[in-house]
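Everything quoted here is computed from the prediction, not taken from an experiment. Scope of the values below: all heavy atoms of this structure, side chains included, with no hydrogens, waters or symmetry mates.
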Amino acid sequence: YSSATLERDILFKGERFCVYRRLDSQFDVPVVIKTVVDRKAVTRLRRRLNVEYAICQELADSGARRALGWATVDGEPALVLEYVEGMTFRQAFVASPKPLGDVFKAMLGVMKALRALHQHNIIHGAITSDNILWDPTTGAVHFIDFTAACHVSASYPYAPQDACLDGDLR
């Protein structure tokens, strides 16, 4: 892929990563493609994408979107994840308040998804209203952005030493 061809499909562009949506892909399902933007920290951020890939594979069908594989964007590796329909909690509940019943149903979904993460001994590391997707049609909740996540087991081979310390409390 070329970032120029993906540019029209940007879902998110931050200081560290850019996330694009592709409705057509080699995986025959809509996907998101996550690339490293911060060239100064590329080695550390690629490690984080590897962590996200491993964790999302382990969490398939457990409150996280599935990691499908890798692609190349502008000659650099990019993580490919399944596209999950929905809006962030910030969009759904902060930007436009909803009835209390809708909030309770969504929070129940968050608690179930969080329980699924913790049953796999995974700490997300950066849960914010921007890292929770909610589908108002189905009520499904998915956590996204597992780059700060870690597995709490000492034998887990994918988590860098600082993975659980790098999250923030926004």
Distance, nearest 0.5 Å, that separates NZ of K13 from OH of Y20 | 5.5 Å
Set of side-chain hydrogen bond (donor to acceptor under 3.5 Å, both in side chains) partners for T43, sequence neighbours left out | none
Between V42 and R39, is a side-chain contact (heavy atoms from CB on, under 4.5 Å) present by the stated rule, with each step listed?
-> CA-CA 5 Å; V42 70; R39 304 316 307 163; 3.5 Å; yes
Sorted by first residue and then second, give each salt bridge (Lys or Arg N to Asp or Glu O under 4.0 Å) pair with at least one member in residues 108-128; sequence neighbours left out.
-> none
Could you check if a side-chain atom of R65 sits within less than 4.5 angstrom of a side-chain atom of V32, using non-hydrogen atoms only?
-> yes
Determine the interplanar angle of the F89 and W134 rings, folded into 0 to 90°, and report it as parallel if under 30°, tilted if 30 to 60°, perpendicular if over 60°.
-> perpendicular
State plainly whether one hydrophobic cluster holds both V80 and V84, where clusters connect Ile, Leu, Val, Met, Phe, Trp and Tyr through side-chain heavy atoms under 4.5 angstrom apart.
-> no
Between V94 and P97 the two heavy atoms that sit nearest each other are O-CD, 4.3 Å
With the side chain counted from C-beta on, respond yes when V51 and R47 share a heavy-atom pair under 4.5 Å apart, and no when they do not.
-> no
So which heavy atom on E52 is nearest to which on T147, and how close?
-> OE1-CG2, 3.1 Å
Should V73 and S2 count as side-chain neighbours, where that means a heavy-atom distance under 4.5 Å?
-> no
What are the two closest heavy atoms between D74 and S3, and how far apart are they?
-> OD2-OG, 2.5 Å
Begin with the C-alpha distance, continue with both residues' side-chain angles, and end with the deciding distance and a verdict on side-chain contact (heavy atoms from CB on, under 4.5 Å) for V29 and L68.
-> CA-CA 10 Å; V29 295; L68 300 174; 4.0 Å; yes
Any donor-acceptor pair under 3.5 Å linking the side chain of H151 with the backbone of H120?
-> yes
Can you measure from CZ (R22) to OG1 (T5) and round to the nearest 0.5 angstrom?
-> 6.0 Å
Got T35 and F17 here, is their nearest side-chain heavy-atom distance under 4.5 Å?
-> no
Locate the shortest heavy-atom distance separating A149 from I55; write the atom from each residue and the value.
-> CB-CD1, 3.5 Å
Side-chain donor/acceptor of R90 to backbone N/O of M87, under 3.5 Å = no
Only residue of I132, L133, D135 satisfying side chain to side chain contact (heavy atoms under 4.5 Å, CB included) with V141 is I132
In Å and rounded to the nearest 0.5 Å, what is the CD to CG distance from E15 to D38?
-> 8.0 Å
Can you list every salt bridge (Lys or Arg N to Asp or Glu O under 4.0 Å) pair that touches residues 139-152, not counting sequence neighbours?
-> K34-D145
Atom pair CG/CZ of L114 and F143 - distance to nearest 0.5 Å | 5.0 Å
Evaluation steps, side-chain contact (heavy atoms from CB on, under 4.5 Å), between L81 and C56 = CA-CA 8 Å; L81 302 151; C56 288; 4.2 Å; yes
Euclidean distance, I33 CD1 relative to W70 CH2, rounded to 0.5 Å = 12.5 Å
Where do N131 and A126 come nearest, in terms of heavy atoms and distance?
-> ND2-O, 2.7 Å
All heavy atoms of A106 vs all of F93, minimum pair found to be CB-CZ, 3.5 Å
Hydrophobic cluster identity match, Y1 and F27, side-chain contacts under 4.5 Å | yes
Rounded to the nearest 0.5 Å, how far does CG of L45 lie from CZ of R48?
-> 8.0 Å
Is D9 salt-bridged to R21, cutoff N-O under 4.0 Å?
-> no
Indicate if Y83 and I10 have the same hydrophobic cluster label, given that clusters are the connected sets of ILVMFWY residues with side-chain heavy-atom separations under 4.5 angstrom.
-> no
Group every Ile, Leu, Val, Met, Phe, Trp and Tyr by side-chain heavy-atom contacts under 4.5 Å, then state whether L6 and V19 land in the same group.
-> no
Could you check F12 against I144 for side-chain contact (heavy atoms from CB on, under 4.5 Å), going step by step and ending with a plain yes or no?
-> CA-CA 12 Å; F12 170 80; I144 60 173; over 6 Å; no
